[in-house]
Structure formats: C-alpha cells, structure tokens
Amino acid sequence: MNITSETEFHIFTFSTSENESIIILTFVLLIYLVILSGNLLVTSLISLDHRLHTPMYFFLYILSTLDIMYVSTTLPKLMYICHTGDHNVSYTSCMAQLYLYLFFGDTECFLLTSMAGDRYVAVCFPLRYSLIMSKQVCVLLAFSALFMALLKALMNVSYYDTLSLKTFLIVDSIILGVIPSCMILASYIGIIYSILKIKSPGGR
C-alpha cells in the first residue's frame, strides 16, 4: 500500500487491461461464491439435522461461519477494485478490514486446536467423551478462541512503534503458528498411538 494522504491509502493491485480485470473479477467472484455456498450448506445442514448437534459439528459450524466472514473481509474489496478501478481506501476502512481479517484468522487457529482436542478425546477416551466434552466445555472453548483472537487482533493494530510491532509479530507467529500446530500434531499422534494399541483389526 502506498500512503497518498493522512486519511487515505492507495492499494496497488494487478497492472492489467480492462479485459484482464474482467477475467480476474470473474475468477475471484466464482471462488467467493463457491466458498459462500459450501459453508452455507454446511451450516444449514448442521442447523437442520438434530443428529449433528454434537461437539464436533458445533465446532465445524463455527469454523464454517468464520470462513464466510474471513473471505468477506478481503474478496469483496478486491472485486470492487477490479470492477471500478478505484484503488483508494480510507484509513478507517483499512484498519477495520485489517482488524477483522486478523480476528477471524486468529480465531480459526485457536478453533482448529480445539477441534483436534475434541477428536483426541473422542478416540482416546470414548467412554468419557460426553462427560469431558460437555456443552459447557464446548461453549467455553469457542468463547476462549474468540476472546484470545479479539485481544491479539486488537494488539496487532494498536502498535505504532515499528520495533515493538515486529517483536509482537514474532511472538504472535509463535503463538498462532507453532503452538497450535504442535498441539494438533500431538493430538493426532495420540490418536494414532491409541489406534495401534487396539489388537483386533475390526477394533481398529
């Protein structure tokens, strides 16, 4: 982004002709519609089918909702630029878009970790699954993911000092990248180990 004034940004995108912009617009629109329709289908099925009102589908419902919001923070603006050729965005809109993008992305990271934990409990402790993954626990995990993402996104857009921001981004990358990935990996290692301990092929 190139700053053109104190209150406005000019976004550099593709250097294309009008025909190429139409192709890009069509391609992005198709991707956006596929994402929307797929996730809306998932949320609708989960809402309508009472058999899917389980912890796994509860998290999946939230994840699908987040996916819709996540892509809706960026793709509509890209399509608007391709359609109108207006590359300007106000500072307020830019900060709002950045905050929402970080918030939804961070929430997905924390939520995926919770989903991996849910599968670990389901496979490794099936008899205690309903007790451990109660409705209250699922809601608490979902709200914890939202709250942590809310704080991290707010901190990301609050830094004005470049050095402090760089330091925070490194820490943020570790928390959002390394730690959730390690926890997800550990849960699946536990699942595989539990399956391998089952002696009968039918049990596996």
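These numbers come from the heavy atoms of this one structure, side chains and all, not from hydrogens, waters or symmetry mates.
You'll find the side chain of Leu102 stays beyond 4.5 Å of the side chain of Lys152, heavy atoms only. In this structure, the side chains of Thr107 and Met148 stay at 4.5 Å or more apart for every pair of heavy atoms.
When only modelled atom types and interatomic distance are considered, Ser72 and Tyr32 share a side-chain donor-acceptor pair under 3.5 Å. A donor and an acceptor atom, one from each side chain of Asp49 and Tyr57, are nowhere located under 3.5 Å apart.
Judged purely by atom type and a 3.5 angstrom limit, His53 uses its side chain to pair as donor or acceptor with the backbone of Ile46. A distance-only check finds a donor-acceptor pair linking the side chain of Thr113 to the backbone of Cys109 [under 3.5 Å]. Thr43 contributes a side-chain N or O that, together with a main-chain N or O of Leu40, makes up a donor-acceptor pair within less than 3.5 Å. A donor-acceptor distance shorter than 3.5 angstrom exists from the side chain of Thr26 to the backbone of Ile22, with no hydrogens or angles considered.
Ring planes of Tyr120 and Phe125: perpendicular class, angle over 60° (limits at 30 and 60°).
The minimum heavy-atom distance linking Phe110 with Ala149 is given by the pair CE1-N, 3.9 Å.
Heavy atoms of other residues, nucleotides or ligands lying less than 6.0 angstrom from OH of Tyr101 number 12 at most. Counting heavy atoms of neighbouring residues, nucleotides and ligands inside a 6.0 Å radius, atom CE of Met79 exceeds 12 of them.
Residues Leu33 and Ile68 fall within the same hydrophobic cluster, defined by Ile, Leu, Val, Met, Phe, Trp and Tyr side chains chained together at heavy-atom separations under 4.5 Å. Connection of Met56 to Leu111 is established within a shared hydrophobic cluster, with ILVMFWY side chains joined at heavy-atom distances below 4.5 Å, either directly or through further cluster members. When hydrophobic clusters are built by joining Ile, Leu, Val, Met, Phe, Trp and Tyr residues whose side-chain heavy atoms come closer than 4.5 Å, directly or via intermediates, Phe59 is not grouped with Leu45.
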